[in-house]
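Beneath this line is the structure, given in structure tokens, with notes to follow.
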Amino acid sequence: MYHGRTTGKGPSTPTQIFEQPPRILIVHIALPSWADICSNLCEALQDFFSLACSLMGPSRMSLFSLYMVQNRHECVLPFVQVKGNFAKLQACISELRMLQREGCFRPQGTSLQLAVEDGLQQFKQYSRHVTIGTALSYASLEITILTSQPGKEVVKQLEEGLKDIDLVRVRRLQVVEITKGALDCMDSASPGEEPCSDESYILGTDIDLQTIDNDIVSMESFFKAWLHNSGTDQEHIHLLLSSQSFSNISRGRDNPMCLKCDVQERLLSPSLLPGTADGSLRMDDPKGDFSTLYQMASQSSASRYKLRVIKALKSSGVCESVTYGLPFILRPTSCWQLDWDELETNQQHFHALCHSLLKREWLLLAKGEPLNGGHSLREPPSTFYVIVPSRSPTLLVKAVATRELMLPSPFPLLPEDLPEDSLKIVESALDGLELEPTYNPLQICSHLYSHLSSTFAKPQGRLHPSWERRALRKHPGKTSRVRATVAPLPMTTTPGRDPKMPAASKATSEAFQHSKEEEEEEEEEYPSGL
């Protein structure tokens, strides 16, 4: 593999780490096996690119090019940006569907080699002619060859044909053999695991060989691996094992053991995809769960959100890694609009359900039904949930991933023979941790309250009202005292005589007039509309 041949140097930005290198897919078409592969491959490509082109946020795939090789090589799609070009990609997939499936032709032995060379030359030309001022975040590309021919023979053919070719710009060259094996183990495998018949080889020093089954799910999972952040420029996360108690970890008084890790997504967040909510709700958006619950509670009785149970699951048969978002709790309703008998019966049935599920050690799989039921030519995407019973009269509901969201995640077994030195170091670090029998969130403080309060903090320094500022200007060094002033009551006067105002009332009136003038000045300084 070509991990060490990239020319980029220096620390990479997060965007550069995340963005995948340009990819060339070469479809090696051989008859008569193409007739068995064509439909599954085109369907898997269609599904994958519909997903890749719809993902919001930074683009996970930069450039993509498609070649096909029959008796000669042909560039079906020159390099294009994946995002925003689904129509072009779909047209190329349609062209693959229409290729000859029967008959025979004499393939040229150098066709694959020429396709690799042509793709590499195309990448060099694209890099040279890219718009001046545009910084390329990639200096190498990956080439994948899909074939139904024996993979080892194809690898040997490529090694011989490319031995004199400069492949320094090729980060990875991979041959993927599509086998005719049936899905014997797919029912027992988790959605994100690679099929059990897959094998990976590294033949020589340059070319990878992998085999996948001839079915849509296996091919789809293979393509989804392109969405992973597989950058090796730097590690992603440091896992610190400290010997101090939880409350003192942040003080950093010791030198904790540091394990450097890479992050791999288990599934795609539905919030990155348009149209993945039920109706107008965002049950699958972790940021929208709480507001969604309030929306659900505010719907009219004719359009209550519905969870339709479709099957039961063994409680040990659901991996936590396939759940996402914020869970919520169901409890028997206390709605006052229901009569007493219905409330009591509903509560008894609810308690019986919890009891029976616990006794059987079952979970429930439910499908969310859209609120706005209307007839549509396209069925809206659904959200699925697992319902978990507890020993309290409640049910915990968690959104669970579906096939479209899953990313491939192989889980190899831990090696049995571990170095004694590593075991002793890790065991010592674990022995220094404080062990708690349970996790109590009420005893853990994240300092969220103080952070939220600080967002409302007033600017530094004392802000003086306008009247106080004027008083300070008139009498520097003296403390201004506030006097409460009250408007004088109207006086009844005798006709023909001028009213005489007492001295105290006169002073009060003058004070009121002065106060009124100050208020007018303040209104000019701070208009009421602001």
Hits for side-chain hydrogen bond (donor to acceptor under 3.5 Å, both in side chains) against S392, two or more places apart or cross-chain, chain-then-number order -> S390, T394

Tell me, do I24 and E142 make a side-chain contact under 4.5 Å, heavy atoms counted?
no

Tightest non-hydrogen contact, residues W362 and A312, listed as CE3-CB, 3.5 Å

Fill in: Within 6.0 angstrom of H351 NE2, more than 12 heavy atoms from elsewhere
yes

d(L418 CG, L423 CG) to nearest 0.5 Å is 5.0 Å

Closest non-hydrogen atoms of S140 and P21, given as atom of the first, atom of the second and distance, are O-CB, 3.7 Å

Short side-chain donor-acceptor distance under 3.5 Å, N40 and D215: no

dist L41:CG -> I93:CD1 (nearest 0.5 Å) comes out at 8.5 Å

So side chain to side chain donor-acceptor pair (under 3.5 Å) across residues 314-323, not counting sequence neighbours, yields R266-S321, E320-K398

**OP:** Could you tell me whether the side chain of V82 reaches within less than 4.5 Å of the side chain of C53, counting heavy atoms only?
**Re:** yes

* Within a strict 4.5 Å, meaning less than it, do heavy atoms of the I178 and M219 side chains meet? -> yes

Once you measure the plane-to-plane angle for F223 and F48, does it fall in the parallel (<30°), tilted (30-60°) or perpendicular (>60°) bin? tilted

Taken in chain and number order and not counting sequence neighbours, the residues that satisfy side chain to side chain contact (heavy atoms under 4.5 Å, CB included) with L313 are K311, V318, L363, L365, V386

With I145 as partner, the option from L158, L209, V176, V27 fulfilling side chain to side chain contact (heavy atoms under 4.5 Å, CB included) is L158

Residue pairs passing the salt bridge (Lys or Arg N to Asp or Glu O under 4.0 Å) test with at least one member in residues 326-354, sequence neighbours excluded, are none

With a 4.5 Å limit on heavy-atom distance, are the side chains of N85 and F49 in contact?
no

The single option from I37, I216, L96 that satisfies side chain to side chain contact (heavy atoms under 4.5 Å, CB included) with C42 is L96

Taking atom NE2 of H451 as the centre, does the number of heavy atoms from other residues, nucleotides or ligands within less than 6.0 Å exceed 12?
no

Problem set entry | Aromatic plane relationship, F79 with F123 - under 30° parallel, 30 to 60° tilted, over 60° perpendicular | perpendicular

In terms of heavy-atom contacts, T144 and W226 come closest through OG1-CZ2, 4.1 Å

Looking only at heavy atoms, the pair that brings P332 and P393 closest together is CD-O, 3.6 Å

- Walk me through it: do L273 and L405 pass the test side-chain contact (heavy atoms from CB on, under 4.5 Å)? CA-CA 10 Å; L273 295 167; L405 301 177; 3.8 Å; yes

- Mind checking whether L25 and L146 have side chains closer than 4.5 Å, heavy atoms only? yes

Residues pairing under salt bridge (Lys or Arg N to Asp or Glu O under 4.0 Å) where one sits in residues 42-52, two or more places apart or in two chains, turn out to be E43-R97, D47-R403

Worksheet item: Under a 4.0 Å N-O cut-off, is there an ion pair linking E420 with K424?
Response: no

Considering residues, nucleotides and ligands other than K88, do more than 12 of their heavy atoms fall under 6.0 Å from its NZ?
no

For R391, the side-chain hydrogen bond (donor to acceptor under 3.5 Å, both in side chains) test, sequence neighbours excluded, returns none

Within the 4.5 Å heavy-atom criterion, are N346 and L338 side-chain neighbours or not?
no

Indicate yes or no for a side-chain donor-acceptor contact from R169 to the backbone of A139 under 3.5 Å, with no hydrogens or angles considered.
yes

Contact between F350 and T333 at the side-chain level, heavy atoms closer than 4.5 Å - yes or no?
no

Sorted by chain and residue number, the salt bridge (charged side-chain N to carboxylate O under 4.0 Å, His left out) partners of E361 (sequence neighbours excluded) come out as none

Test K224 against S221 for side-chain contact (heavy atoms from CB on, under 4.5 Å), laying out the working first.
-> CA-CA 5 Å; K224 282 182 179 179; S221 297; 5.6 Å; no

Hits for side-chain hydrogen bond (donor to acceptor under 3.5 Å, both in side chains) against S148, two or more places apart or cross-chain, chain-then-number order -> S33

Q. Under 3.5 Å, is there a donor-acceptor pair between the Q174 and Q210 side chains?
A. yes

So the salt bridge (Lys or Arg N to Asp or Glu O under 4.0 Å) pairs with at least one residue in residues 347-357 (sequence neighbours excluded) are none

Between the CG atom in L272 and the CG atom in L55, the distance rounded to the nearest 0.5 Å is 6.0 Å

### Query
Stepwise, does the side-chain contact (heavy atoms from CB on, under 4.5 Å) test hold for D208 with V175?
CA-CA 6 Å; D208 292 354; V175 173; over 6 Å; no

The side-chain hydrogen bond (donor to acceptor under 3.5 Å, both in side chains) partners of E404 (sequence neighbours excluded) come to T402

In the structure I gave you, are the side-chain heavy atoms of Y385 and L307 within less than 4.5 Å of one another anywhere? yes

S65 side chain vs L77 backbone, donor-acceptor pair below 3.5 Å: yes

Distance col, row L51:CG vs L268:CG, nearest 0.5 angstrom, shows 5.5 Å

Side chain to side chain contact (heavy atoms under 4.5 Å, CB included) filter on L430, not counting sequence neighbours, yields V426, L433

Taking every heavy atom of P22 against every heavy atom of S62, the minimum-distance pair comes out as N-OG, 3.4 Å

Side chain to side chain contact (heavy atoms under 4.5 Å, CB included) filter on H349, not counting sequence neighbours, yields T345

- Query: Checking side-chain contact (heavy atoms from CB on, under 4.5 Å) for the pair R172/L141: CA distance, chi angles, key distance, verdict?
  - Reply: CA-CA 7 Å; R172 187 184 190 192; L141 77 160; over 6 Å; no

One should read off an interatomic distance between T211 OG1 and K152 NZ, to the nearest 0.5 angstrom, of 10.5 Å

(request) Using a cut-off of 6.0 Å, state whether more than 12 heavy atoms not belonging to Y449 lie near its atom OH. (result) no

What one should report as the nearest heavy-atom pair of K83 and G57 is NZ-O, 2.5 Å

Interatomic distance, CG@L357 vs CG@L395, rounded to 0.5 Å, equals 7.0 Å

